[in-house]
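Take a look at the structure below.
Below, chain A is the first sequence line, B the second, and so on; all start at residue 1. Not measured: the values here are computed from a predicted model.
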Amino acid sequence: MSKATEESIHEAWSSHAYDQAFSLMAQCYASDFYRTALRIVLDHATAQDVVQEASVKMWRALPKFKGDSKFSTWAYRIVVNEALGTLRKSKNFHRSLDGVDIGVPDSPYFEADRLLADLYRALANLPERQRLTFQLRYFDAKPYSDISEILGTSVGGLKANYHHAVERIKREMRELNPDYDFESNE
Amino acid sequence: MNKMSKYDGIHVPPEAHQDLVAHMMAAMDISQRTAVPSSRRRIRTLSLWAASVAALWAVGIFLFTDRPGTESDVWVTDDLAWEVFQAGELELSVDEAAALLDESELTQILADLTY
């Protein structure tokens with residue numbers, strides 16, 4: 001999203017045009033919210049529900065937004081929290097399903113080669129914080145300062161999380177396929 | 001780490017993006033509709049106040065009406081008074097209201113009713 005668009009959301013919000021601010025935010029970020037939600041809950045319909053529930057919370061919280069961070073960062077935080085809450089409620093259900101490829105998103109919009117699918121499988125074995133940090137940093141290329149606001153963790157802690165996540169992913173992926181050779185590409 | 005695309009494999013086509021936007025806007029609409037507007041809150045507060053007045057009035061009637069042969073106590077609950085009020089079976093004339101309320105309360109309720 002361009003800076004100008006982030007500014008236009010802020011402009012609408014600061015003139016109390018909350019409908020317009022929300023509409024602009026939806027136009028800009030709906031797909032990103034879905035992607036973030038899907039990577040956490042791993043199910044298309046659930047991810048859609050997460051976006052919708054998060055939207056209700058965003059709309060209600062919009063007038064109370066302090067304006068001290070980017071809208072995208074503030075909204076991502078709401079989506080991530082909503083997705084994590086949904087995941088915790090449904091985790092046992094998902095785990096008990098037979099034939100589910102644990103860790104790989106189940107969505108008509110998801111397509112992966114073997115390497116990417118294995119990366120998702122490896123991610124599924126990571127602790128929650130490490131997984132989220134890796135996803136936001138690696139897939140979304142978000143700066144640590146934004147991830148820090150989204151996850152409510154210090155930048156130092158995030159860097160350590162990311163480092164541990166990368167090391168753990170290498171190990172997990174080698175277990176999935178010993179042919180993966182990370183050292184030569186580093 | 002191995003060189004791989006940072007693409008996360010999730011591609012939302014434009015029409016699906018618009019569906020998601022529509023979902024978000026629908027969520028906002030539902031949220032707006034379910035929120036209680038301040039005017040409705042005011043009417044609800046007023047109604048509760050009027051129901052309390054009605055309950056007091058009904059209790060007064062029961063307490064001060066001669067009822068030969070009635071020995072048992074009669075209780076008028078807030079709920080019953082509210083039901084009577086909602087059913088529209090309770091009407092107060094200005095004189096009756098004036099008898100129940102002092103001048104400032106009467107002025108207030110008239111102001112609220114014409115709000």
Next on the checklist: Looking at B:H17 and A:Q27, would you say the former's side chain and the latter's main chain have a donor-acceptor pair under 3.5 Å?
Outcome noted: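 Answer holds: yes.
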
Item to check | Min side-chain heavy-atom separation B:L20-A:F33 under 4.5 Å | outcome: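 No - every pair of side-chain heavy atoms lies 4.5 Å or more apart.
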
Next on the checklist: Quick one, A:Y120 and B:D8 - any side-chain contact, counting heavy atoms below 4.5 Å?
Outcome noted: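 Sidechains of B:D8 and A:Y120: in contact.
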
Item to check | Heavy-atom pair of closest approach, residues B:V21 and A:A26 | outcome: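 Here B:V21 and A:A26 meet closest at CG2-O, 3.4 Å.
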
Checklist entry - Considering all heavy atoms of both residues, which atom of B:Y7 and which atom of A:F139 are nearest to each other, and what is their separation? => result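 For B:Y7 versus A:F139, the nearest heavy atoms are O-CE2, 4.1 Å.
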
Consider only side-chain heavy atoms of I, L, V, M, F, W and Y, link residues closer than 4.5 Å, and tell whether [X] and [Y] are in one cluster.
| X | Y | value |
| --- | --- | --- |
| A:V56 | A:I78 | no |
| A:L176 | A:L126 | no |
| A:V79 | A:Y109 | yes |

Next on the checklist: What's the separation between atom CZ in A:R35 and atom NE2 in B:H11, rounded to the nearest 0.5 Å?
Outcome noted: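 So the gap between those two atoms works out to 10.5 Å.
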
Checklist entry - In terms of heavy-atom pairs under 4.5 Å, which option from A:P108, A:A54, A:S55 contacts chain B the most? => result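 Option with the greatest count: A:S55.
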
Checklist entry - Which residues from residues 13-23 of chain A are near chain B, with near meaning under 4.5 Å between non-hydrogen atoms? => result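 The list, in residue order, reads A:D19, A:F22, A:S23.
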
